[in-house]
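Predicted, not measured: the structure shown is a model, and the values here were computed from it. All chains are named by letter (A, B, ...) in the order of the sequence lines, taking the proteins before the strands, and each is independently numbered beginning at 1. Below, each value reflects all heavy atoms present in this structure, side chains not excepted, and no hydrogens, waters or symmetry copies.
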There are 2 protein chains.
Amino acid sequence: MANIRDLAKEAGVSVATVSRVLNGYPYVSEEKRKAVWEAVEKLNYSKNIQAVHLAKGRTTIVGVMLPYIHHPYFSAVIEGISKEALRYGYQLLLFQTNYDVERELEALERLRMRQMDGLIVCSHEVDWEAFAAYQEEGPIVLCEQVGEQDFLAVYIDHYQAFVQALRYLVKKGHRRIGYCIGRMTGPNSQARAAAYQDVLREAGVIPRRQWIFEGCLFLEDGKRVIEQWVAMEERPSALLVTSDQVAAGIVLQAGRIGVRIPEELAIIGFDNDPLAELLGITTVALPHFALGEKAFRLIHHWLETGNVHRKQVELPTQLIIRTTG
Amino acid sequence: MANIRDLAKEAGVSVATVSRVLNGYPYVSEEKRKAVWEAVEKLNYSKNIQAVHLAKGRTTIVGVMLPYIHHPYFSAVIEGISKEALRYGYQLLLFQTNYDVERELEALERLRMRQMDGLIVCSHEVDWEAFAAYQEEGPIVLCEQVGEQDFLAVYIDHYQAFVQALRYLVKKGHRRIGYCIGRMTGPNSQARAAAYQDVLREAGVIPRRQWIFEGCLFLEDGKRVIEQWVAMEERPSALLVTSDQVAAGIVLQAGRIGVRIPEELAIIGFDNDPLAELLGITTVALPHFALGEKAFRLIHHWLETGNVHRKQVELPTQLIIRTTG
DNA sequence: ACTTGCTTTGAAACGCGTTTCATACATTAT
DNA sequence: ATAATGTATGAAACGCGTTTCAAAGCAAGT
């Protein structure tokens, strides 16, 4: 394939003139501009974008680090990120790490190698020290609460969301409360664990470790939870479920085996998935799409203005009361 | 940041020697190899990957063209693609086009500009001519049936899947059959339309245009469909629904408004989503994850071997009989 | 008439890593 | 002893587009 020197030769001009024409810069005569476009046509020329990125010292690519995609949270966040990326003419490069620390470090290394201009971290296993170490390489946005740490972040206050839902259950009279969660590690999960401890102590109730159901990510996990619940001698009367998909699995399977929701077991989900509406699941709406939108806007703002002020943006949640709790 | 020439100077060797060391090539003395690594550490050196891609004339990136992510089909396909990409050390660059022809052409242009080594097309609006025009630029895999066209493809025979499901309904005695679908354009949708025409004629039944429900992508769309069905004077007794999410929406909303499934309306979904199992939806299992896996493997095989034989791979489907049909 | 600013154009450096080819020396085979 | 092959190393070209700086000419202002 033809390169810019071939093109210049064909048009009878210099490579600088060709570059001016291709990039729409001024100070080129009409005659020479025309000759260049004719040469482009004749040679079927396209720029090599690797050379452009090398010469300019930047790309129009933002990396996205996430464990996997096929989960409503991650696909909603990416949808939000993508909407803004399209708007500003950026591409997204996926780093699907499956919570593997080596892979997460590899993604950070790619930022350093200038494969992309910034990185959005949807969820991770690696310590914050790793992000701190790579901060100088380009903007990194974390989609989690980072406390006093000097990171760019956009987050949902899962602690407060959990507090709100737990207090609602306590107010309804529940004293035997458990919860379902995807993972126990990670700051979002630890915030929820802290809220659980705090609110139950506040209500004078001892939290029960066996009423915490881990590894709850998908619909099928909800099925497993209700079966475990049935098998318990002493059962919680309410469950907070950190995914509407899982809550739906619980509600649907409860219907099949005759467990009455909310009489025997009250369910509060999170996300406000369409399934929650159709199944009447009380849920805490989490703005995942907006989280993605904001994460991209933070990176874009940094890249456009060079403003390296690392701020944290909180997004609101909302308890939506339906029939399951 | 330091470049390879800085590094060479620091180590007291040539850039060729540095390159040999960094890439693990032979014919470098131990003494000089050591000096290079010490210089890497001292200067905190990382390669610029744009320069590597330019020099080598290839990347380790594959593009993925899709309309949006937040849909079970697309997120399952990407999961399959990602699994294989990780395995072979590739990154995925997303092109979320929302069926916009300009954006789809832009993605093809990026292949030509060598932004990535190949492109997987999950779904598209642009004509096959566009893909034919860009075929010389690198491997393009289409995730659809391409007939006699000379494209690399991996596909599910939606025509046969529809035929199988329709014949099953006819065998059960249904004569008033409709279907729900996401889009009417695109080869997958046209294959289903053809199957609908063919099987109903074969059964001596006139197909009804008003029993075809378009724009059915998500759960909420299922809710709308059942409400439209209720409002019909003459209603189909069975619906094929090309997404289990939509089928679930129909089944759940039918439950809420007192429509008996399958007595009043038989439902057959597609995908074999976990929701289908929990709701007892009869469904045709579609191997979307495997589709993604295979699509990536086809591209990878081409890139590794240079074998440009454009084959088409069909993946099987399976009717799973539950309670809704 | 002279000075300043704008326009036009191209040579060559810059961005940065890989690869090729030449040179010199050492080892092995004949 | 000589030829062939392997080892070690570096100069410079290659991959390809952007940008800078110099040179020349033209127009406008003083």
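- Shown for residues 107-117 of chain A: no residue has heavy atoms falling under 4.0 angstrom of DNA chain C.
- Taking the ring centroids of A:Phe218 and A:His71, they lie under the 6.0 Å cut-off.
- When all heavy atoms are compared, the tightest approach of A:Ala107 to A:Met116 is O-CE, 3.5 Å.
- Regarding contacts with the backbone of D:dG10, a side-chain N or O of B:Lys32 is found under 4.0 angstrom from either OP1 or OP2.
- Between A:Leu22 atom CG and D:dC16 atom P there is a gap of 15 Å when expressed in whole angstrom units.
- Between the CG atom of B:Asp6 and the C1' atom of C:dC14 there is a distance of 13 Å, rounded to whole Å.
- Side-chain polar atoms of A:Thr60 and A:Tyr88 form no donor-acceptor pair below 3.5 angstrom.
- Nearest-nucleotide positions on DNA chain D for B:Arg5 and B:Leu54 put B:Arg5 closer to the 5' end.
- Contact check of residues 45-52 of chain A against DNA chain D (heavy atom, cut-off under 4.0 Å) returns A:Tyr45, A:Ser46, A:Lys47, A:Asn48, A:Ala51, A:Val52.
- Put simply, NZ on A:Lys56 is 11 Å from P on D:dT20, counting in whole angstrom units.
- Distance CD1 (A:Ile4) to C1' (D:dT19): 11 Å, rounded to an integer number of Å.
- Terminal axes of the helix from C:dA1-D:dT30 to C:dT30-D:dA1 (five pairs each, C1' rotation axis) are separated by 30°, to the nearest 10°.
- If you check distances only, the side chain of B:Arg20 does reach the base of D:dG10 with a donor-acceptor pair under 3.5 Å.
- Between the C1' atom of C:dG17 and the CG atom of B:Leu7 lies a distance of 11 Å, rounded to the nearest Å.
- Between B:Cys143 and B:Ile120, the shortest heavy-atom contact is SG-CG2, 3.9 Å.
- Considering only side-chain N and O atoms, A:Ser14 lies nowhere under 4.0 angstrom from the phosphate OP1 or OP2 of C:dA11.
- With hydrogens and angles disregarded, a donor-acceptor distance shorter than 3.5 Å links the side chain of B:Ser189 to the backbone of B:Thr185.
- B:Gln96 and A:Glu79 form a side-chain donor-acceptor contact under 3.5 Å, judged by distance and modelled atom types alone.
- Counting all heavy atoms, side chain and backbone alike, B:Leu119 lies closest to B:Val64 at CD1-N, 4.0 Å.
- Rounded to whole Å, the distance from CG on B:Asn3 to C1' on C:dT18 is 14 Å.
- Between A:Tyr90 and A:His300, the two ring planes are perpendicular [angle over 60°; tilted spans 30° to 60°].
- In this structure, A:Asn23 places its CG atom 7 Å from P of D:dT19, rounding to the nearest Å.
- Atom P of nucleotide C:dT7 and atom OH of A:Tyr25 are separated by 17 Å, given to the nearest angstrom.
- At least one side-chain nitrogen or oxygen of B:Tyr27 sits closer than 4.0 Å to the OP1 or OP2 atom of D:dT7.
- Note on B:Ser29: only backbone sugar-phosphate atoms sit closer than 4.0 angstrom, heavy atoms only; bases stay farther off.
- Under the 3.5 Å distance criterion, the side-chain polar atoms of B:Gln135 are matched with a main-chain donor or acceptor of B:Asp150.
- When each of B:Ala16 and A:Glu31 is assigned the nucleotide of DNA chain C bearing its nearest heavy atom, the one mapping closer to the 5' terminus is A:Glu31.
- Aromatic rings from A:His124 and A:Phe131 are positioned such that their centres are separated by under 6.0 Å.
- At least one test fails for B:Arg20 against the ring of B:Tyr27: distance under 6.0 Å to the centre or angle within 45° of the axis.
- Looking only at distances, no side-chain donor or acceptor of B:Arg114 sits under 3.5 Å from a matching main-chain atom of A:Lys47.
- Residue B:Val15 is classed as a base contact, given a heavy-atom separation below 4.0 Å to a base.
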